[in-house]
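The structure appears right after this line, and notes come after that.
Keep in mind that this is a model prediction, so the values were computed, not measured.
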Amino acid sequence: MGEIVEFAERAWRGELEGTEIHPGAAKVGFEELDSGLAFMCAFSNVGIVSTEEGLVFLDTSSPFHADKLYKAVRRWSPDRVHTAVYTHGHVDHVFGLYQFEHEGGHEGGRESAATRVIAHEACVERFDRYKLMNGYNGVINQRQFGFEEPVFPNNFRYPDETVRQERTLEIGGETIHLFHDKGETDDHLWAWIPARKVIYTGDLFIWASPNCGNPQKAQRYPREWAQALRRMADLEATTLMPGHGPFILGADRVRQALTESATLLETIINQVLEAMNAGATLDATLHSVQMPDELLARPWLRPVYDDPRFIVRNLWRLYGGWYDGNPAHLLPAPERDLARALVERAGGVSAMVESAEAEADRGRLDLACHLIEFAVEAEPDDRSAHAARARIYEARRKQELSLMSKAIFGAAVRDSRKKSEPE
């Protein structure tokens, strides 16, 4: 049994819960699953098919593991990369081709033609948007992953050919079907290799609760995502290669993973749409939706990366716009003015800080966060308020499971610790 096969088996049995299987805790390794079929497990994965015309990559991994991908593939095969498919344009899936395309010191690789890159047509618009919003995306990455400075690339390997809905690739005796479905992105493709009964899902499956509500990213599409998972399940694949995390082997396991992921999304979707159609406000909807805890306990659906509660807001944004049902939020007063008015009526910043800490002591960290934000918004230079804010958000960070929540609360901790220090 290979290292990644063993890792995959332990993951399925739930023996790796302590390691939190998500991109930030990736097992890095290369595994040949069958003759001419390999899998690179990394921060983001790559499926590799060897054909008579060259290699086909399904995704290309991230800048962090591009060198390891190159070395692993070259130990396995000397063939050129004939075609690379981006399942979507996220940075962690589109930065592994450079060394392959520049072998021999010139673009186009060794002594053969350049790699053909295929993506959904909206991937081009995504890369254009990334350039437009480079600074913002850098700030998000800094906050989400705890980088010292904003980090985000500004140059991308654009696709040579694009897909709208479906495309069949016939390359060197291998047939690969590409399908478009919205999910984590609007430019998502997934691949089906019928002769091998293999699905490459991209980020439609990531060994975690679907990353479908991410609070700092563009619109996600829960309903379409669930439909895509159902379509995949109907293919009766025996191997599932995900965008993140280990592969899944066995038809029963593949079907279970896909159908339960779809059910999780559908459970949330149905409750949100029912509340919206009944005229509920966003606040009422947020606090009425019941999460499917039995499904979230599955090793492949644990909310270790995104928080499924965030999906409620994403659905609201998708179907209801930004108005949340509270008329005071339509044309609101500046937050600082509101904070100062509340702090004044509470008896000053110290009194508000004291109230925040009291709520934290009672276990109501959610309320404590609101109150401490009023305090520091009213008096942004108050070091004691920031010291309390750092303590409260550190407690909140430790309470949460998802990387997204931990990252945002952790950023608040770092910010207030700096501001609480004497000048």
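- The neighbour count for Glu294 CD, taken as heavy atoms of other residues, nucleotides or ligands under 6.0 Å away, does not exceed 12.
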Throw together a table of side-chain donor-acceptor distances under 3.5 angstrom for residues 271-278, partners on residues two or more places apart or in other chains.
residue	atom	partner	partner atom	Å
Gln271	OE1	Gln290	N	2.8
Gln271	NE2	Thr267	O	3.1
Gln271	NE2	Gln290	O	2.8
Asn277	ND2	Leu273	O	3.0

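- From Cys123, atom SG reaches atom CG of Asp128 across 9.5 Å, with rounding to the nearest 0.5 Å.
- In this structure, Asp252 places its CG atom where only 12 or fewer heavy-atom neighbours from other residues, nucleotides or ligands lie under 6.0 Å away.
- For Trp190, the ring pair (Phe, Tyr, Trp, His ring centres under 6.0 Å) partners two or more places apart in sequence, or in a different chain, are Phe179.
- In this structure, Glu149 places its CD atom where only 12 or fewer heavy-atom neighbours from other residues, nucleotides or ligands lie under 6.0 Å away.
- Side chains of Trp76 and Glu32: a donor on one and an acceptor on the other come within 3.5 Å.
- Heavy-atom minimum distance, Ala42 versus Ser61: CB-OG, 4.1 Å.
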Before you tell me yes or no, could you show the steps for Asp415 and Arg389 under salt bridge (Lys or Arg N to Asp or Glu O under 4.0 Å), namely the whole-Å CA-CA distance, both residues' side-chain angles and the distance that decides it to 0.1 Å?
CA-CA 9 Å; Asp415 176 63; Arg389 183 174 185 258; 3.4 Å; yes
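- There is no side-chain donor-acceptor pair under 3.5 Å between Ser261 and Arg230.
- In the displayed structure, Lys131 atom NZ is contacted under 6.0 Å by more than 12 heavy atoms of other residues, nucleotides or ligands.
- A salt bridge is defined here as a Lys NZ or Arg NE, NH1 or NH2 lying under 4.0 Å from an Asp or Glu carboxylate O, and Glu379 with Arg340 fails to meet this definition.
- Using cut-offs of 30° and 60° on the angle between ring planes, the pair His102 and Tyr98 is parallel.
- Of all heavy-atom pairs spanning Tyr323 and Pro327, the tightest one is OH-N, 3.2 Å.
- Salt bridge Arg13/Glu9: present, at least one basic N to carboxylate O contact under 4.0 Å.
- Not counting sequence neighbours, the partners of His90 by the ring pair (Phe, Tyr, Trp, His ring centres under 6.0 Å) test are His88.
- Sorted by first and then second residue, the ring-ring contact (aromatic ring centres under 6.0 Å, His included) pairs with a member in residues 263-304 read Trp12-Trp300; sequence neighbours excluded.
- Separating the CZ atom in Phe409 from the CG atom in Leu365 is a distance of 9.0 Å, to the nearest 0.5 Å.
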Please assess Arg364 against Asp366 for the test salt bridge (Lys or Arg N to Asp or Glu O under 4.0 Å), listing each intermediate value before the final yes or no.
CA-CA 5 Å; Arg364 286 302 305 270; Asp366 51 352; 2.9 Å; yes
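- Look at Glu184 and Lys217 and you find no salt bridge, because none of the NZ, NE, NH1 or NH2 atoms lies under 4.0 Å from a carboxylate O.
- With no hydrogens or angles considered, no side-chain donor-acceptor pair links Thr51 and Glu174 at under 3.5 Å.
- Tyr221 and Gln227 are not linked by any side-chain donor-acceptor pair at a separation below 3.5 angstrom, with hydrogens and angles left out of the test.
- Classification of Arg10 and Glu15 as a salt-bridged pair holds, one side-chain N sitting under 4.0 Å from a carboxylate O.
- Among pairs with a residue in residues 250-273, none fulfils ring-ring contact (aromatic ring centres under 6.0 Å, His included), at least two apart in sequence or across chains.
- The minimum heavy-atom distance between Asn214 and Asp306, with the atom names listed, is N-OD2, 3.0 Å.
- The six-membered or imidazole ring of Phe100 lies near that of Phe57, with a centre-to-centre distance under 6.0 Å.
- With hydrogens and angles left out, the side-chain atoms of Ser402 and Ser405 include a donor and acceptor closer than 3.5 Å.
- Taking 4.0 Å as the cut-off between side-chain N and carboxylate O, Glu53 and Arg80 do not count as a salt-bridged pair.
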Determine, stepwise, if the pair His188 / His93 fulfils ring-ring contact (aromatic ring centres under 6.0 Å, His included).
CA-CA 11 Å; His188 208 289; His93 292 259; 7.8 Å; no
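- Residues Ala66 and Gln99 come closest through the heavy atom pair O-OE1, 3.6 Å.
- Residues Asp59 and Thr87 bring a donor and an acceptor atom of their side chains to less than 3.5 Å of each other.
- Looking at Ser416 and His386, their side chains do bring a donor and an acceptor atom within 3.5 Å of each other.
- In terms of heavy-atom proximity, Ala407 sits nearest to Arg414 at O-NH2, 4.5 Å.
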Kindly list each side-chain donor-acceptor pair under 3.5 angstrom involving residues 133-147, sequence neighbours excluded, with atom names and distances?
residue	atom	partner	partner atom	Å
Asn134	ND2	Phe152	O	3.3
Asn134	ND2	Pro153	O	2.9
Asn137	ND2	Met133	O	3.2
Asn141	ND2	Val151	O	3.0
Gln142	NE2	Glu148	O	3.0
Arg143	NH1	Gln216	OE1	2.3

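- For the 3.5 Å distance criterion, the side chains of Thr83 and Arg116 qualify, holding a donor opposite an acceptor.
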Would you check, one step at a time, whether the test side-chain hydrogen bond (donor to acceptor under 3.5 Å, both in side chains) holds for Gln219 with Asp186?
CA-CA 8 Å; Gln219 181 68 58; Asp186 61 356; over 6 Å; no
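- Side-chain contact check for His244 and Ser44: no donor-acceptor pair (N or O, by modelled atom type) lies under 3.5 Å.
- What you find for Leu296 and Pro303 is that their closest heavy atoms are O-CD, 3.7 Å.
- Other residues, nucleotides and ligands place more than 12 heavy atoms under 6.0 Å from the CD atom of Gln165.
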What verdict does the side-chain hydrogen bond (donor to acceptor under 3.5 Å, both in side chains) test give for Thr185 and Asp187, after you've listed the backbone C-alpha separation in whole Å, the side-chain angles of each residue and the deciding distance to 0.1 Å?
CA-CA 5 Å; Thr185 70; Asp187 63 340; 2.6 Å; yes
Step by step, work out the ring-ring contact (aromatic ring centres under 6.0 Å, His included) result for Tyr130 and Phe156.
CA-CA 9 Å; Tyr130 282 166; Phe156 301 90; 5.7 Å; yes
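- Heavy atoms from other residues, nucleotides or ligands lying under 6.0 Å from NZ of Lys68 number 12 at most.
- The pair Lys197-Glu236 does not meet the salt-bridge criterion, since no charged nitrogen lies less than 4.0 angstrom from a carboxylate oxygen.
- Residue His120 holds its NE2 atom at 7.5 Å from CZ of Arg164, rounded to the nearest 0.5 Å.
- Pro159 places none of its side-chain heavy atoms less than 4.5 Å from the side chain of Ile118.
- With rounding to the nearest 0.5 Å, the separation of OG in Ser50 from CG in Asp34 is 11.5 Å.
- A salt bridge links Arg397 with Glu394: at least one charged nitrogen is closer than 4.0 Å to a carboxylate oxygen.
- Separation of atoms NZ (Lys406) and CD (Glu400) is listed at 7.5 Å; rounding is to 0.5 Å.
- Residue-environment remark: CZ (Arg253) exceeds the threshold of 12 foreign heavy atoms within 6.0 Å.
- If you check the side chains of Tyr70 and Glu103, you find a donor sitting under 3.5 Å from an acceptor.
- Rounded to the nearest 0.5 Å, atoms CD1 (Ile193) and CG (Leu58) are 5.5 Å apart.
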